[in-house]
Amino acid sequence: MTIWSPIIFYMDAVFKALSDPTRRDLLDELFREDGQSLSALEARFDMTRFGIAKHLKLLEDAGLVVTRRRGRKKLHFLNPVPIRLIHDRWVSKYSEPWAAGLSDLKSRLESPMEKIFEIYIKTTPERLWEAITDSDIRSKYQFGNTIETDWTPGSSFTMNNVKAGAPLGEGENLEVDPPRRLVQTMRALWGADVKAEGTSKVTWEIEPVGDSCRLTVTHSDLREGANEQLYGGWPMILSGLKTWLETGEQLTTPGSLMYT
């Protein structure tokens, strides 16, 4: 079994990464302030730069930290999806939806801010692309919501739910490059508070890795301190997507069912 096996990646590697108190402290620090450089993190710990870098590499290998280049800087972002998967397997039936745990997540980055979510799914790029763009499949892991569009660059889309009575979101397909990359603007419409946030951007990136795919979702162009409703549901959505593609079943956690 290779290191990219979903079981090893999302269980053994995650538990190993979380077993060290310094690595847990690093995740707490990124939870407090997302998108920090190595220098910024080094300044907050009584440890050498090499030591911090080594711990961050283990967190990256476990998928708990995702990095992005911004000019000459390499920034580190907390990726909550692997923890979401563990929660779905063992914890969800005993607790409230995990997404509520993100309610105090704030960022002190420059405006606009972005949130990055990464997950490995044992599937092909073509099947993953279909699951993202097929409205019926999408409803199985995104709270029962469907999406209506012709999937051409520059076209518009609307997000609907039979229980809503009105569109829940709308936007434009900026880039459509199957089965690799999809970039969309997004304006949430399900409440006055999220409508006031205006338009953000969602980028889906698919990369084949052995017999699996790495899916990275970047939610950007968010204002600093944006309403968590805009991005707090991504871990649950991506967990549902992984479950559907790998097992053909839908998640039955409370949060996954709340709108179905």
Side-chain angles (χ1 to χ4, degrees), residues 2-6 9-10 13 30 34-35 56-57 59-71 73-85 107 109 112-135 137-138 141-142 145 147 149-155 157 159 169 171-187 199-222 226 230-246:
T2 66
I3 192 171
W4 300 116
S5 160
F9 184 84
Y10 286 107
L30 291 176
D34 215 1
L56 287 171
K57 180 62 168 60
L59 290 170
E60 285 185 61
D61 290 344
L64 292 163
V65 167
V66 179
T67 61
R68 286 293 181 272
R69 287 283 180 183
R70 295 294 180 265
K73 290 185 177 181
K74 181 181 180 181
L75 302 182
H76 301 78
F77 294 83
L78 172 66
N79 178 33
V81 175
I83 300 175
R84 170 77 248 181
L85 293 170
S107 172
L109 295 175
M113 71 174 184
E114 64 183 5
K115 297 294 177 182
I116 301 174
F117 307 90
E118 184 177 273
I119 190 169
Y120 285 76
I121 304 174
K122 192 170 185 179
T123 188
T124 64
E126 291 75 17
R127 284 194 67 221
L128 180 50
W129 181 268
E130 179 188 23
I132 293 169
T133 57
D134 184 283
S135 187
I137 296 176
R138 193 147 170 172
Y141 63 84
Q142 192 165 351
N145 299 336
I147 188 165
T149 181
D150 64 9
W151 297 114
T152 58
S155 63
F157 74 84
M159 184 172 65
E172 179 184 350
N173 299 311
L174 302 177
E175 297 180 41
V176 184
D177 182 17
R180 300 188 305 167
R181 180 177 168 90
L182 173 65
V183 183
Q184 302 172 292
T185 63
M186 172 64 185
R187 181 168 178 260
T199 301
S200 56
K201 184 168 68 176
V202 176
T203 301
W204 305 72
E205 296 174 290
I206 299 171
E207 179 184 353
V209 181
D211 62 355
S212 302
C213 289
R214 176 168 59 204
L215 173 62
T216 304
V217 174
T218 304
H219 199 154
S220 59
D221 293 355
L222 295 159
L230 295 178
Y231 57 85
W234 280 116
M236 189 175 293
I237 291 170
L238 297 182
S239 297
L241 172 58
K242 176 181 173 68
T243 299
W244 172 256
L245 283 171
E246 292 183 348

> Would Arg214 and Glu207 pass as an ion pair if we require N to O under 4.0 Å?
Replying inline: yes
[X] versus [Y]: any side-chain heavy-atom pair under 4.5 Å?
X	Y	value
Tyr231	Leu222	yes
Ile121	Ile119	yes
Val202	Thr218	no
Met113	Asp34	no
Arg181	Thr203	yes
Lys115	Trp234	no
Cys213	Tyr120	no
Glu60	Thr67	yes

Rounded distance [0.5 Å steps], [atom1] in [X] versus [atom2] in [Y]:
X	Y	atom1	atom2	answer
Leu128	Arg180	CG	CZ	14.0 Å
Ser220	Met186	OG	CE	13.0 Å
Asn173	Thr185	CG	OG1	8.0 Å
Lys74	Leu56	NZ	CG	8.5 Å
Ile206	Arg127	CD1	CZ	12.0 Å
Leu182	Leu174	CG	CG	9.0 Å

Which atom pair, heavy atoms only, marks the closest approach of [X] to [Y]?
X	Y	result
Phe77	Arg68	CE1-CB, 4.0 Å
Tyr141	Gly240	CB-C, 3.4 Å
Gly154	Glu172	CA-OE2, 3.6 Å
Pro179	Pro125	CB-O, 3.5 Å
Thr133	Trp151	O-NE1, 2.9 Å

Without swapping roles, check the side chain of [X] against the backbone of [Y] for a donor-acceptor pair under 3.5 Å.
X	Y	answer
Trp204	Thr216	no
Arg187	Thr199	no
Asn79	Gly63	yes
Ser135	Ile147	yes

>> If the condition is side-chain hydrogen bond (donor to acceptor under 3.5 Å, both in side chains), which residues does Asp134 pass it with, not counting sequence neighbours?
In response: none
> By side-chain hydrogen bond (donor to acceptor under 3.5 Å, both in side chains), which residues pair with Lys73, not counting sequence neighbours?
Replying inline: none
> Where do Leu30 and His76 land on the side chain to side chain contact (heavy atoms under 4.5 Å, CB included) test, with the steps shown first?
Replying inline: CA-CA 8 Å; Leu30 291 176; His76 301 78; 4.2 Å; yes
>> Determine whether Leu64 and Leu78 satisfy the following criterion, side chain to side chain contact (heavy atoms under 4.5 Å, CB included), listing intermediate values before the conclusion.
In response: CA-CA 6 Å; Leu64 292 163; Leu78 172 66; 5.5 Å; no
> Run the side chain to side chain contact (heavy atoms under 4.5 Å, CB included) check on Asp211 and Thr123 step by step: do they pass?
Replying inline: CA-CA 7 Å; Asp211 62 355; Thr123 188; over 6 Å; no
>> Whether the Ser155 and Asp150 side chains hold a donor-acceptor pair (N or O, under 3.5 Å, no angle test) is what I'd like checked.
In response: yes
> Given Asp61 and Leu59, is the side chain to side chain contact (heavy atoms under 4.5 Å, CB included) satisfied, shown in steps?
Replying inline: CA-CA 5 Å; Asp61 290 344; Leu59 290 170; over 6 Å; no
